[in-house]
Amino acid sequence: MGIIEELEWRGLISDCTDREGLAQRLAKGAVTLYCGFDPTADSLHVGSLVPLLALRRFQQFGHKPIVIAGGATGSIGDPSGKSAERQLLTHEQLKANIEGVKKQLASFLDFDSEANAALLVDNADWTAPLSFLDVLRDVGKHFKVNAMVAKESVRARMENRDVGISFTEFSYMILQALDFDHLYKQNECELQIGGSDQWGNITAGIDLIHRRQNRQAYGLTMPLITNSDGTKFGKTEAGAVWLDVARTSIYQFYQYWVRVDDRDVVRYLNFFTFLHPDEIEALARQHAEQPHARVAHKALAREVTVLVHGEEAASEVIRASEILFGGSLDGITEATFREIAGEVPTHEVALDRFGGEGLWLPELLHEAGLAQSRGQSRKDIKGGGVYVNSSRVDDDQHKLKTGDLLFGKYLLLRRGKRNYAVVLAG
RNA sequence: GGUAGGAUACCGAAGCGGUCAAACGGGGCGGACUGUAAAUCCGCUGGCUUAGCCUUCACAGGUUCGAAUCCUGUUCCUACCA
């Protein structure tokens with residue numbers, strides 16, 4: 001199976017500028033390809049994983065991937081798929097974002113390979129030195145505004161008079177085309193991949209290469225991921241699911257994948273893991289036969305978590321999850337509890353508040369962030385949705401005393417099915 | 001600039017002097033059922049140690065025993081006209 005067949009099998013191909021031509025070219029030998037990531041935040045989120053992992057898939061097949069951290073394009077803002085003009089990032093923000101994103105991008109590819117080491121570059125390096133006049137003369141001449149205006153995202157913005165589109169964002173595709181042109185010249189980079197919203201930007205680059213260098217380049221896009229239930233992929237109520245642990249804890253990250261809708265789990269195994277098609281088929285079968293066993297979900301969550309956060313961290317959160325969802329805390333060791341404490345929001349409370357009368361549970365629940373008010377806490381308790389150290393408490397007058405603390409300092413609070421907080425008395 | 005209409009809780013939307021912390025729907029949360037799912041059913045959804053009290057219906061004032069409801073002014077929206 002070649003890379004194209006593999007991507008095809010996984011449902012990762014949305015569109016290709018010249019499918020047969022590309023397949024033939026790939027069959028002939030190693031190809032250099034690239035994908036750009038604009039630093040719109042200081043971390044990537046799970047949505048960026050698809051193209052990023054695709055680069056890695058290509059690398060596994062012996063091709064040479066280039067990742068662009070978009071210092072130049074990121075300073076402009078891609079209008080693709082955006083219904084309104086974006087706020088420009090400040091230079092400091094952009095710099096911080098690039099720092100954060102670069103580290104993440106680097107962790108998914110092999111930069112030490114002898115034959116096909118990956119490359120990480122910043123498009124500001126070749127774009128920033130250009131003068132406005134040079135760009136207008138050497139690049140702008142190759143773009144017909146007529147064609148640029150026809151691009152879907154541009155047209156939508158132009159038709160909406162209230163929103164409009166600035167010249168800055170309108171020019172975005174020129175910058176991205178320039179990247180492709182540059183990489184073709186410098187690195188023999190013949191293929192650009194990206195999400196399907198990048199189609200217009202990619203073909204613009206191919207055209208530019210054809211005009212300036214009279215050479216053939218290829219474009220391949222991947223589908224945008226959609227959840228079957230109509231919600232946005234990669235979003236939770238708390239916001240996007242990020243790759244940075246400071247934004248999304250490893251536990252939350254793992255949980256996001258465990259909770260994927262049944263209808264999506266097999267697709268996501270294809271999209272986000274490197275499991276062999278045979279393994280995925282086996283998981284799909286198990287899932288169909290015994291959906292309640294959730295084998296596929298756990299495999300998905302484990303694979304992706306290992307990929308992003310490493311083997312060790314993944315094992316830890318899996319253990320923590322087993323305990324949190326397994327019920328009883330009987331026989332738990334302090335070490336295991338510390339692991340859980342690391343993955344669940346922790347709230348510190350002065351030890352002496354557990355003395356005397358004790359600490360009123362609704363107050364603690366509210367303080368620990370599990371309820372919006374003490375009144376709400378009381379309602380939740382009466383509704384039977386509150387647990388202390390894994391046993392239900394249904395008395396809204398319940399007081400917690402020193403004796404309730406595990407190992408003399410911990411308390412595990414839970415509201416509902418999956419909202420936990422650890423209280424640390426000290 | 002003129003005329004008409006509107007602003008209600010997370011969102012949509014009733015209410016048009018007292019029985020309004022405010023119908024109804026959506027969303028959210030909790031429970032039952034489960035598989036950390038879907039569907040279904042039940043409860044909660046301003047605050048408060050809650051038969052009660054306190055603060056809310058764009059904002060500021062006023063009328064009244066009593067105002068989300070009536071009056072005045074301000075701000076912001078929407079439609080039609082210029």
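Numbered from 1 within each chain, the chains take letters A, B, ... in sequence-line order. Worth saying up front: this structure is predicted, and the values here are computed from it rather than measured.
Within the 3.5 Å criterion, the main-chain N or O of A/Ala341 finds a donor-acceptor partner in the side chain of A/Thr346.
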Please set out all donor-acceptor pairs under 3.5 angstrom arising from side-chain atoms of residues 270-291 of chain A, sequence neighbours excluded.
residue, atom, partner, partner atom, Å
A/Asn270, ND2, A/Val266, O, 3.3
A/Thr273, OG1, A/Leu269, O, 2.6
A/Thr273, OG1, A/Leu275, N, 3.3
A/His276, ND1, A/Asp278, N, 3.0
A/Glu279, OE2, A/His276, N, 3.0

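Distance CG (A/Leu361) to P (B/U49): 13 Å, rounded to an integer number of Å. Rounded to an integer number of Å, the gap from CH2 of A/Trp360 to C1' of B/C48 is 9 Å. As rounded to whole Å, 13 Å separates atom P of B/G30 from atom CZ of A/Arg392. Atom CG of A/Leu365 and atom P of B/C29 are 16 Å apart (whole Å). Taking atom CD on A/Gln372 and atom P on B/C29, their separation rounds to 11 Å, with Å as the unit. The CD1-P distance, from A/Ile381 to B/C29, rounds to 19 Å in whole Å. One atom, CZ of A/Arg374, and another, P of B/C53, lie 20 Å apart when rounded to the nearest Å. Distance A/Glu363 CD to B/C48 P: 11 Å, rounded to the nearest Å.
A distance of about 15 Å separates the C1' atoms of B/A67 and B/U72, rounded to the whole Å. With both ends at atom P, the span from B/G25 to B/A14 equals 15 Å, rounded to whole Å. Taking atom P in both B/G46 and B/C57, the straight-line distance is 15 Å, to the nearest Å. Using C1' as the reference atom, B/C54 and B/A21 are 11 Å apart when rounded to the nearest Å. Rounded to the nearest Å, the gap between the P atom of B/A7 and that of B/A68 is 15 Å. Taking atom P in both B/G18 and B/G12, one finds a spacing of 26 Å when rounded to whole Å. Between the C1' atoms of B/U69 and B/A58, the separation comes to 15 Å (whole Å). Here the separation of B/A82 from B/C71, taken at their C1' atoms, is 31 Å to the nearest Å.
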Give the B/S/- string for nucleotides 35-42 of chain B, one per nucleotide from 5' to 3', where a protein heavy atom under 4.0 Å of the base yields B, of only the sugar-phosphate yields S, and otherwise -.
BBS-----

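Between A/Arg415 and B/C29 there is no side-chain N or O to OP1 or OP2 distance below 4.0 Å. For A/Lys379 and B/U45, the shortest distance from a side-chain N or O to OP1 or OP2 is below 4.0 Å. For the OP1/OP2 pair of B/C48 and a distance below 4.0 Å, the side-chain nitrogens and oxygens of A/Ser373 include at least one atom meeting the criterion. Contact annotation: A/Arg378 does not reach the phosphate of B/U45 (side-chain N/O to OP1 or OP2, under 4.0 Å).
Of all nucleotides present, only B/C29 satisfies the Watson-Crick or G-U wobble test against B/G43, with each distance under 3.5 Å. Across every strand in view, B/G61 sits in a pair with B/C71 that passes the Watson-Crick or G-U test at under 3.5 angstrom. B/U78 and B/A4 make up a base pair, with Watson-Crick or G-U wobble contacts both under 3.5 Å.
A donor-acceptor pair shorter than 3.5 Å cannot be found between the side chains of A/Gln198 and A/Thr221. Side-chain N/O atoms of A/Asp38 and A/Tyr172 include a donor and acceptor closer than 3.5 Å. Between the side chains of A/Asn97 and A/Asp42, no donor-acceptor pair is found at a separation under 3.5 Å. Side-chain N/O atoms of A/Lys64 and A/Asn187 include no donor and acceptor closer than 3.5 Å. A donor and an acceptor atom, one from each side chain of A/Asp110 and A/Gln60, are nowhere located under 3.5 Å apart. For A/Ser377 and A/Asp380, the side-chain atoms include no donor-acceptor pair closer than 3.5 Å.
Within the 4.0 angstrom heavy-atom criterion, base atoms lie near A/Gly375. If you check every strand for non-hydrogen atoms under 4.0 Å, A/Gln397 touches a base. No engagement by A/Asp396 is indicated, since no non-hydrogen atom pair under 4.0 Å with the nucleic acid exists.
Minimum heavy-atom separation, A/Pro362 to A/Arg374: O-CG, 3.8 Å.
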